[in-house]
There are 2 protein chains.
Amino acid sequence: MTRARAPTLHTVARAAGVSTAIVSRVVNGHYHGMSAATRARVEAAVDRLGYFPNRAARSLRTSRHHRIALIAVDSSPEFLADPFTTYVVAGLSNALSEQDYGLLVQRLNRRAPLDMLLMRAQDADAITLFMSGPQDERLVLITRFRELGLPLLVFQETLAPIPDDVCVVRQDDRAGGRWLGERIRGLGLSDVLAVVPELAWPAIEARLAGLRDGLDEPGSLTILKVAETDMQAVSTALDRQLAAHVPEAIFASNDQLAAQSIGALARIGREVPADVRVSGFNCLPITGTVHPPLTTIRSPAFALGTRAADLLVRRLAEGRFETKELVLPVEPQAGQSL
Amino acid sequence: MTRARAPTLHTVARAAGVSTAIVSRVVNGHYHGMSAATRARVEAAVDRLGYFPNRAARSLRTSRHHRIALIAVDSSPEFLADPFTTYVVAGLSNALSEQDYGLLVQRLNRRAPLDMLLMRAQDADAITLFMSGPQDERLVLITRFRELGLPLLVFQETLAPIPDDVCVVRQDDRAGGRWLGERIRGLGLSDVLAVVPELAWPAIEARLAGLRDGLDEPGSLTILKVAETDMQAVSTALDRQLAAHVPEAIFASNDQLAAQSIGALARIGREVPADVRVSGFNCLPITGTVHPPLTTIRSPAFALGTRAADLLVRRLAEGRFETKELVLPVEPQAGQSL
DNA sequence: GTGAAAGCGCTAACAC
DNA sequence: GTGTTAGCGCTTTCAC
């Protein structure tokens, strides 16, 4: 049994005894100066035949796709499974669905050729970007993507000046870092170990900058870079670092690393917060509960996604971004670890 | 400054002094019986002009889109942020990207009208489905989506018989439940509290069925349904239940709920595993570390996604699914909580 | 070995 | 108020 070919505008037009133009207008809700009778007849035919407009034909004709591309530039296949990313994407996808836009998810390996992706990104109305890697690499990517002529929305980027038709959406990482730094300083501690992912990431830099702001007189700040994607490697790195020197406080660049730090301290018999203080960052529901409850910074990740969706949809309607940069506040969360 | 119109096949053809047919063939790698010189000339022109084929036109012509839709039927806007879902989607999106397919993510509210979505799903080559809700609702959805005539791949569904051109990909939840049940039974415990999400979900049923298999003689099995999306509500429900009766073991239907259960037990001064045993399910890297280390079941969520991608791509190439159902094994993970 | 031409299904300007 | 028509950019058959 071969499935019946899907009905087209023509089929419906014939069935309703009108021209395709009329059907097109009805389907698109342009009832201006149309008799109620015709409209009713067409609507009946549409229902009867189960007609759906062919999106590819429509896209070809109008060059609008009702689709936003999300490109994650990362070397880890599990990029989507990071708690922060996950919430941003959830918010984005959700808000877009609500406004009848689709989200096209694609991963770009930092070392893979761009062309395939550039080509695939073509059938979206705009592009959103999640980038790790050093600043110059990120700039190259932004430039390349801009060449497609599509509006670009970049998450968690710190970039000045922001190029034309590009919008940055981020949280105030620096303020979060500062709050923690001030707290550490308020406790009279100055020997701090910062645990950050190996792969540079602008938000992490901002958190560290904030930490420095807050500490003010940066007694001794040591930076430990860990390969975040490999739990085992993180443990090993922490163990080795702590064997060499135990700091007064550990500033972890996210809650997962904070949990790991508490674990590593436990392995050498140090308690949190009694012996060593530990702070986290991003505090998302998906990140499991840690003991003791973390002093951390609550991230508006989901809202970052929904706000980005609104910005994009409006950009597409109005022709320009209403703002070049949207910075959402973070919320300090006092726990018992710091 | 108006952006120059993107080059089309025609532009390239004129630049290379050949017909559009030739350019099309070169772009698609159909070099059969073509002179090396022509090919080279066309390739040069393509490079020089920075030509990319228009995907919408191609789709219209070929009715292939190189795109898979992922539709999550759930009432929670944060559906994507569930650890299990997150890993499946990460695997899927990643494997699809590698095979030059895009993943189009869309959420469907259980109460929202289907039509909009059915329409949007049109521009994909196949549909993957994540569904919660009662069995009859799920069946209706499968039927409706099948009407689009697209291949359908459903995650974590237990369904018999499986309809035509539909493929189910799931993990062996029942075996996982059974392993835990047997362990509980081996410890000589029989007063068990199962904590499950309010909203029915076939995988959860399977885990419970497995638990019953394992317990064999189901002393006393109480089921507590909680509104999983609301942390606060979960705590409250657990507190109330434990105030009424403290079981010998808690079978949580996922690790997040297990963590919550341990917390609730701590609030009434009960220790795990000394006073009460607790088991989890799904054990994914993103789910934070719990203390004590959970006895749980390790889920192949990421692999579920990558395998699904392969199945889909092959289905599209060959015309039929090579298997109607793919069940991946789970791996028991002995911890200290049970 | 290469080209001409039909047509995928739709929208919108214009004619009636 | 409704219909005619010209493409949007591409693939593919068939003719040369």
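Because the structure is a prediction, the values reported are computed rather than measured. In what follows, chains are A, B, ... by sequence order, proteins preceding strands, each numbered from 1.
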Is there a side-chain contact between [X] and [Y] in this structure, where contact means two heavy atoms from C-beta onward sitting under 4.5 Å apart?
X: A:Arg55; Y: A:His66; result: yes
X: B:Ile142; Y: B:Leu159; result: yes
X: B:Arg64; Y: B:Leu316; result: yes

Sidechain-backbone polar pair: A:Lys324 side chain, A:Asp164 backbone, donor-acceptor under 3.5 Å: no
Main-chain N/O of B:Arg107 paired to A:Ser97 side chain as donor or acceptor, under 3.5 Å: yes
Check nucleotides 1-5 of chain C for protein N or O atoms closer than 3.5 Å to its own N or O atoms and list the pairs.
unit_1	atom_1	unit_2	atom_2	d
C:dT2	OP1	B:Ser35	OG	3.3
C:dT2	OP1	B:Thr38	OG1	2.4
C:dT2	OP2	B:Ser35	N	3.2
C:dT2	OP2	B:Thr38	OG1	3.2
C:dG3	OP2	B:Ser19	N	2.8
C:dG3	OP2	B:Ser19	OG	3.4
C:dG3	O6	B:Arg25	NH2	2.6

Value rounded to 0.5 Å, distance of CD in B:Glu322 from CG in B:Leu311: 5.5 Å
Terminal helix-axis angle for the helix from C:dG1-D:dC16 to C:dC16-D:dG1, with five pairs defining each axis and rounding to 10 degrees: 40°
Starting at [atom1] of [X] and ending at [atom2] of [N], how long is that distance when rounded to a whole Å?
X: B:His65; N: C:dG9; atom1: NE2; atom2: P; answer: 11 Å
X: A:Arg14; N: C:dG9; atom1: CZ; atom2: P; answer: 12 Å
X: A:Arg58; N: C:dA12; atom1: CZ; atom2: P; answer: 10 Å
X: A:Asp123; N: D:dG9; atom1: CG; atom2: P; answer: 15 Å
X: A:Leu9; N: D:dT4; atom1: CG; atom2: P; answer: 14 Å

Side-chain donor-acceptor contact under 3.5 Å, A:Asp310 with A:Gln99: yes
Residues, nucleotides or ligands: over 12 heavy atoms within 6.0 Å of A:Arg307 CZ: no
Would you say a side-chain N or O of [X] is under 4.0 Å from OP1 or OP2 of [N]?
X: B:Arg61; N: C:dG7; value: no
X: B:Asn54; N: D:dC8; value: no
X: A:Ser24; N: C:dT11; value: yes
X: A:Tyr31; N: D:dT2; value: no

Check against side chain to side chain contact (heavy atoms under 4.5 Å, CB included), B:Phe130 and B:Ile71: CA-CA 6 Å; B:Phe130 259 90; B:Ile71 297 173; over 6 Å; no
Toward the 5' end of DNA chain C, by each residue's nearest nucleotide, B:Leu60 or A:Asn28: B:Leu60
Nearest to side-chain heavy atoms of A:His30, which nucleotide of C:dC10, D:dC10, C:dA12: C:dA12
